[in-house]
Amino acid sequence: STAYYSCWLMTYLVGVSRMPSNRGDEAEKNASNEGTEGCSEEFENTDFRHGRYHDVAATILSKKIAARFVDPIQAAVCGGICVVTMLIGGTTLKALSRLLSPSWSSSSPSSSPLRLPIWIAIYGVFQATSLFVPTLASSTTVALAGSIAFLVFWGIATVLSAVAGVEQHKLSTPESPFPPPGFHDLAATSLHERAFAALNGLGVALFAWSNAFAPEVQATLKRPHDVTMRKSTLAAFWVLIPTYLLIAVFGFWAFGKNTNAVVLLNLEPASLGGEVAANSYKAPRAALAIAWFSVLINLYALFAVYAFPIYELLDAAVAARVERWRKRREEKNNPKTTEEKAVAKAEKAAKASEAEAGGNTSSSSNVLAVAIAARLTGRLVFCAGCTLVAAALPFFGDISAVLGVLTLALDFILPCLMFLRVRRSKMSRAAAVGLLGTAAFYVLLGVAIMVAALRSLFMNAHMYKLFADV
C-alpha cells in the first residue's frame, strides 16, 4: 500500500510545475520563492510530463539537489540492479551448461568446465548487444518480452515446486517423515537476530522492488500519462503480488530453509546440489531448460531498462563535452582581423548555400560521428564495469540491502517532500503533518535497515572471496 501511495505521488509530481519557455528566466527565478504553489493549478491538467527524475527534482526543489542527491542515488540503485542482473545471468548460463550437458544426471556442481566469473563475462558480452537501443521508449518490445519471459519462468517454477513438495509428502513415512524436524525453521533463533534478519530482508526487497525511475517509465506511456500510469501501477501490483507470493509459498513449502534465491537451483538433481532427493522427484529436463532460458530473456530486458537512467546521465555528460570540443574547434579557427572575419563570413555563407542545395556537410557529420562514438563508448564502459563488479563480487546480493536503503529516498521520502512543497497551500495541517511523519518514518526505517545490512556484511565477511566460483 505504501509503494502504491509512492507511485501515486510520483504520478502527480511528474506533470506538475512545468516551466514553459514563454515565462522567461525571471519567472524561473521566482518559482522557488513561490514554492511552486502557483504553478500547481496552472499546469496540473496539462499533458506535459517530465521525462526524468532529475527534471522533477530540479523543477520542484532545486538543480543542486537534483545533481548532488537524486542523480547519484538513482545511478547507484540502477547500477546495483544491473550488477545483480549480470551475476544472475552468469549463474543462469552456468546452470544451462550443466543442464544441456549429455552427462546431466550424473554430473556434479563442480563439473562445469568454466568457473562462474567466466560465465558472467560471457553473459556481459551477450548483454552488450542491448547498448544499441537508443532510448527507453524504443525498448518497449524488449520490456514486453522480458515480462512474458518472467511469467513463463514463474509458472514453471511454481508448478515444479508444488509438484516436488507433493511428491516428497507422498514418500513420507513415520520413520522418515516429511518435512523433517526443523525443515521450516528460521535460521535466526533469538529475537534480536530475527529482527536484524527481517530488516536486512526488507532492504533486499526494497532494492528489488525499487521504482527509482518512475518518471522515465511514465514518459513512455500513452496519453493521458497520469491515468495510464495509475492503471499500469495497479495492474503491476495485481500481477506481481500473487506471482511472487505463490512462488515464495510453494518454494519454501517444498525446500524449507534451504530454498535458493533462484528456486530453479533447488529443482536440479541431488547430484547437482538440488534439494530434491534423486529418488523422490526429477524435474523434467525440458521444463527446466525453458525456465532458465526465460530467466535469461527477463534479465536481458531488466538490464536494458534499468540502465537507461545511467545512459542518460552519461549521454548528457558526453553531449556537454562534445559541445565544448566543438566550441574550442570553432574558436581555434576563428579569424581575428576584420578582413579575415569578412572572408570567413563569406565562406560560411557559401557553405550554407551549398548545404541548402544538398551539398557536403562534413563538419556536422564529424561532430555527429564523434558524439555517437562517445555515447557508445560510455555505455560499453558501463556494461564492462557491471560485468567486472559482478565477477569480482559474487556475494553482491548481500550488498543489495545497503542499496535498498537508498531506494527509500527516491521511492518514499522525496515524493512526500516534493508533494508537500507543491500542494502545501491546498493541504490541511493534518495532511501536511501526515506527509512529514511518513517521510520521518522512512528515514528512521532506513537507518535501521542500514544498521542491519552492515551488521550482516560484517558477520559474513569471512565467507566472501573475490572472483569465487559459487
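Fair warning: this is a prediction, and the values are worked out from it, not measured in the lab.
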Take R115 and W119 through the test side chain to side chain contact (heavy atoms under 4.5 Å, CB included) and record every step on the way to the result.
-> CA-CA 7 Å; R115 301 174 71 250; W119 287 115; over 6 Å; no

Heavy-atom neighbours of L191 CG exceed 12 at 6.0 Å =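 No.
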
Would you say T259's side chain and G256's backbone share a donor-acceptor pair under 3.5 angstrom?
-> yes

Hey, is the main chain of A453 close enough, under 3.5 Å, to the side chain of S456 for a donor-acceptor pair?
->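 Pair absent, no side-chain N/O of S456 close to backbone of A453.
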
What I'd like to find out is whether the side chain of [X] reaches to under 4.5 Å of the side chain of [Y], using heavy atoms alone.
{"X": "L457", "Y": "V402", "answer": "yes"}
{"X": "T407", "Y": "L410", "answer": "no"}
{"X": "P284", "Y": "L160", "answer": "yes"}
{"X": "L436", "Y": "L417", "answer": "yes"}

Ring centers of F150, Y244 separated by less than 6.0 Å | yes

Quick one: pull up CG in L202 and CG in L445 and give me the separation to the nearest 0.5 Å.
->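 Those atoms lie 5.5 Å apart.
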
F153 side, atom CZ; T243 side, atom OG1 - distance, nearest 0.5 Å | 10.0 Å

Taking only residues two or more places apart in sequence or in another chain, which ones pass side chain to side chain contact (heavy atoms under 4.5 Å, CB included) with A66?
-> H54, A57, A58

Run the side-chain donor-acceptor check on residues 379-397: report pairs under 3.5 Å with partners two or more places apart or on a different chain.
{"residue": "R379", "atom": "NH1", "partner": "L131", "partner atom": "O", "Å": "3.0"}
{"residue": "R379", "atom": "NH1", "partner": "V133", "partner atom": "O", "Å": "2.9"}
{"residue": "R379", "atom": "NH2", "partner": "P134", "partner atom": "O", "Å": "3.2"}
{"residue": "R379", "atom": "NH2", "partner": "D315", "partner atom": "OD2", "Å": "3.2"}
{"residue": "T387", "atom": "OG1", "partner": "C383", "partner atom": "O", "Å": "2.9"}

